[in-house]
Amino acid sequence: MKLFSSVHDVTDINELVADALRLKHAPHEHKHLGKNKTLGLIFLNPSLRTRMSTQIAGANLGMQVMVLNIDKEGWALELQDGAVMNGTTVEHIREAAAVLGEYCDIIGVRSFPGLKNREEDYSEAIFNKFVKYCGVPVVSLESATRHPLQSLADLVTIEELKTRDRPKVLLTWAPHIKPLPQAVPNSFAEWMCKADVDFTIAHPKGYELNTEFTNGAKITHNQDEALAGADFIYVKNWSAYEPYGQVFGGNEDWMLTNQKLQQTNNAKVMHCLPVRRNLELSDEILDGPNSVVIHEAGNRVWAAQAVLKLMLEELE
Amino acid sequence: MKLFSSVHDVTDINELVADALRLKHAPHEHKHLGKNKTLGLIFLNPSLRTRMSTQIAGANLGMQVMVLNIDKEGWALELQDGAVMNGTTVEHIREAAAVLGEYCDIIGVRSFPGLKNREEDYSEAIFNKFVKYCGVPVVSLESATRHPLQSLADLVTIEELKTRDRPKVLLTWAPHIKPLPQAVPNSFAEWMCKADVDFTIAHPKGYELNTEFTNGAKITHNQDEALAGADFIYVKNWSAYEPYGQVFGGNEDWMLTNQKLQQTNNAKVMHCLPVRRNLELSDEILDGPNSVVIHEAGNRVWAAQAVLKLMLEELE
Amino acid sequence: MKLFSSVHDVTDINELVADALRLKHAPHEHKHLGKNKTLGLIFLNPSLRTRMSTQIAGANLGMQVMVLNIDKEGWALELQDGAVMNGTTVEHIREAAAVLGEYCDIIGVRSFPGLKNREEDYSEAIFNKFVKYCGVPVVSLESATRHPLQSLADLVTIEELKTRDRPKVLLTWAPHIKPLPQAVPNSFAEWMCKADVDFTIAHPKGYELNTEFTNGAKITHNQDEALAGADFIYVKNWSAYEPYGQVFGGNEDWMLTNQKLQQTNNAKVMHCLPVRRNLELSDEILDGPNSVVIHEAGNRVWAAQAVLKLMLEELE
């Protein structure tokens with residue numbers, strides 16, 4: 001694997017999930033794979049889970065890992081081709097990416113969307129320039145429209161905790177106070193549509209995701225109906241795809257509560273984190289027995305390690 | 001040892017000091033202890049000595065060490081229980097701590113006091129939430145009211161440099177231009193009260209420390225008297241405990257000078273650093289033969305390594 | 001070698017270049033040299049290439065590498081001797097450097113000039129204080145007036161890519177919108193004056209470099225004349241040495257173009273990066289077949305590794 005940016009880069013998601021679970025039980029058995037190999041983790045945005053889990057995953061595989069907050073510690077990046085750089089940007093992404101490719105055997109990149117220009121965000125302009133110009137394998141650490149390491153960890157968690165075949169999985173929109181990217185729900189949706197689960201998406205009218213990601217999912221505006229019998233509930237806010245990046249207010253009653261949980265099959269509650277307590281998810285859910293959000297965050301290590309392992313095997 | 005937050009967490013401080021000194025002469029003999037173990041160093045405040053010395057201590061023990069400036073590189077933390085997170089904080093400390101516990105075998109946390117609310121600071125609200133929610137052993141990298149790795153390094157330094165049994169140790173207040181925490185003097189006092197030294201605290205009226213930390217110490221407002229015959233002088237500014245966080249101005253004559261040193265037993269001068277030159281301590285002292293502040297800073301490595309070693313031995 | 005701050009610290013530059021090229025083909029053969037040794041990379045300014053290449057170089061040699069953005073992650077540094085520190089600075093460089101020397105076996109320091117006070121910048125006040133007070137070997141990661149790791153990588157690149165003995169090398173000034181340091185051109189000039197190349201410097205009137213660095217170089221204000229027959233063209237902006245730090249505007253026609261390249265001996269185009277596209281260098285040059293800037297950046301690893309290797313060999 002030379003690129004891990006979406007579910008479409010994976011030949012066999014079931015095998016990848018199985019490998020992640022094998023690594024969870026034997027994290028240090030492949031240290032030879034990464035010997036004398038360097039992993040560069042490049043952040044244009046904040047990170048806790050992604051940074052630490054991928055750092056550990058690389059170290060578990062014997063890699064030397066370097067973290068760079070490129071805009072803060074390096075130079076302000078120019079992203080536009082053809083720009084006359086007489087403003088505040090100091091280094092073009094073409095050079096930055098190519099130089100990182102000289103130094104690293106594998107690169108991870110985090111680059112959030114601006115949520116202003118849909119075409120630009122959905123073209124994955126920044127992430128794809130890193131891929132194009134660095135010349136080495138690239139792992140998405142969350143890009144403008146997808147967060148595949150999160151989705152893989154989510155699927156690992158479902159596989160690990162499911163109590164019946166083809167569990168019923170619900171992605172439900174949650175309230176927030178500011179416009180958030182669609183990357184996590186897009187990505188979760190496209191992974192669930194390929195996984196052996198019964199998948200539904202529930203959201204208020206206006207929050208329809210791009211159908212490219214939801215093809216195959218049941219979609220409803222009725223949260224109660226969707227909750228009925230669910231085994232896993234994935235809670236997440238996102239802003240509108242159309243008009244792009246908008247939020248419409250209201251819908252506070254979409255926050256999951258213990259009462260709503262009663263309609264489910266004693267569902268496990270998931271969230272990618274960070275989560276705004278008592279806005280997206282109540283204290284009672286997060287501190288209650290149904291929340292698996294910490295366990296899910298723990299699985300980020302094994303998702304990252306399975307992906308890096310595949311890449312290292314091809315580098316040998 | 002599952003927690004290192006104060007002198008009360010240590011069973012035998014003499015043995016801990018002895019082990020630190022053993023490690024100083026054989027730093028790399030315990031690399032197996034930390035193999036495949038991860039140390040996460042989490043900073044909510046700046047650091048030089050603590051960060052680097054603990055990073056080296058972990059590496060000397062074979063650990064993989066990750067440093068995270070959590071508020072700058074991660075997400076703005078919510079600290080209040082029950083908060084409706086519709087403001088500027090993005091992640092609750094409950095999740096942040098629990099996730100760090102998933103990723104790390106041992107966590108170090110630095111969290112300074114606000115100096116506004118004494119009850120909140122002295123309850124160690126932030127530090128204790130990390131301990132409570134992370135579920136793994138925690139080392140204080142300086143909390144609101146204590147700096148135990150510093151105090152251990154201080155005691156190691158005294159043990160190493162003393163020229164007689166039961167040396168006379170003086171903690172003396174020094175001038176500053178802004179209110180500083182009581183963490184270092186609190187911590188130094190409670191360690192000295194347990195150590196085999198003759199311990200005195202001198203400060204202007206109004207700067208009385210919480211007696212919980214100074215129980216057993218001689219306390220005086222007469223610096224000259226206290227200097228007489230001292231073997232070690234620990235210089236440090238702190239703000240008032242009551243009214244909390246206040247400074248009263250004046251007292252510039254409390255700055256240690258070479259002339260004052262003449263009253264001592266050729267005392268070694270200590271300070272935790274960073275030190276404001278010619279305000280807390282004069283150039284002549286810091287650049288003179290009696291200063292041991294750099295040597296003391298060097299001992300931070302062995303203090304941290306002795307603590308981490310104890311924790312790793314119990315993890316095995 | 002205890003200090004690498006300029007070409008004058010190197011006994012035999014040809015041997016150093018040769019060793020860098022040997023390391024390029026066998027990067028991991030000297031891992032024993034750095035075992036249980038710590039490299040501290042201290043940044044007072046941003047960095048991408050220097051940070052990552054030196055980090056990898058240290059790791060290739062088996063060292064434990066720590067990176068510290070000292071002003072952001074540590075404490076605001078006081079640089080003046082004798083200062084009464086009652087302002088915004090928290091730690092004096094004397095203590096900071098000495099403490100780093102306690103923790104690290106080798107230190108790298110990056111410290112840019114202020115471009116306000118020539119005497120201060122050219123005395124290398126900050127860098128030299130690190131050297132003076134840390135007490136361990138120091139590598140310049142770019143100081144106020146020189147960037148020797150860059151220059152060594154440049155010479156390695158020329159040695160590697162030259163197609164004839166004693167190639168013709170041209171350092172040519174390029175336009176910019178703000179005043180830049182003279183460190184890179186100073187340093188490149190003093191290395192080229194010692195190397196076996198035919199070296200010329202071209203710049204508009206007013207941008208004369210300090211002759212201490214250019215002694216032995218041909219200097220011209222006629223870029224066209226200088227381009228004729230050149231094998232390597234090193235493009236770089238710099239501000240005036242006299243009046244110090246000034247820029248005079250105009251001279252936009254000094255930007256290298258493909259048309260200008262035709263006058264050369266199919267010259268390789270070099271730049272230290274970061275480069276402002278279409279201001280210092282055109283897209284057509286940077287994306288064309290004559291640019292070697294990425295290759296040159298890659299060689300930063302081997303330059304740093306050759307220098308660290310020399311230092312480690314003396315530490316043993």
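Atom set for the values below is all heavy atoms of this structure, side chains included, hydrogens, waters and symmetry mates excluded. Throughout, a chain's letter reflects where its sequence line sits, starting with A, and its residues are numbered from 1.
- Taking chain C as the reference chain and counting heavy-atom pairs below 4.5 Å, the highest number among B/Asn299, B/Leu286, B/Val275, B/Val67 is found for B/Val275.
- At least one donor-acceptor pair under 3.5 Å links the side chain of C/Tyr103 to the backbone N or O of B/Ala297.
- Between B/Asp287 and C/Arg94, at least one side-chain N (NZ, or NE/NH1/NH2) sits under 4.0 Å from a carboxylate O, which counts as a salt bridge.
- Scanning residues 40-50 of chain B against chain C with a 4.5 Å heavy-atom cutoff picks out B/Pro46, B/Ser47, B/Leu48, B/Arg49, ordered by number.
- C/Cys104 places a side-chain heavy atom less than 4.5 Å from the side chain of B/Met52.
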Quiz item: Are B/Lys31 and C/Asn36 close enough, and set up right, to give a side-chain hydrogen bond (donor to acceptor under 3.5 Å, both in side chains), and what steps lead you there?
Solution: CA-CA 10 Å; B/Lys31 270 215 150 60; C/Asn36 295 332; 2.8 Å; yes
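- Atoms CZ and CD, on B/Arg276 and C/Glu91 in that order, are 11.0 Å from each other to the nearest 0.5 Å.
- For C/Glu102, the part sitting under 4.5 Å from any heavy atom of chain B is the side chain, from C-beta outward, and nothing else.
- With contacts defined as side-chain heavy-atom distances shorter than 4.5 Å, the pair C/Met85/B/Ile177 does not qualify.
- A salt bridge is absent between B/Lys72 and C/Glu73; no separation between the charged side-chain nitrogens and carboxylate oxygens falls under 4.0 Å.
- Looking at C/Glu95, both its backbone and its side chain come within 4.5 Å of chain B, counting heavy atoms on both sides.
- Closest heavy-atom contact between C/Val84 and B/Asn278: CG1-O, 3.7 Å.
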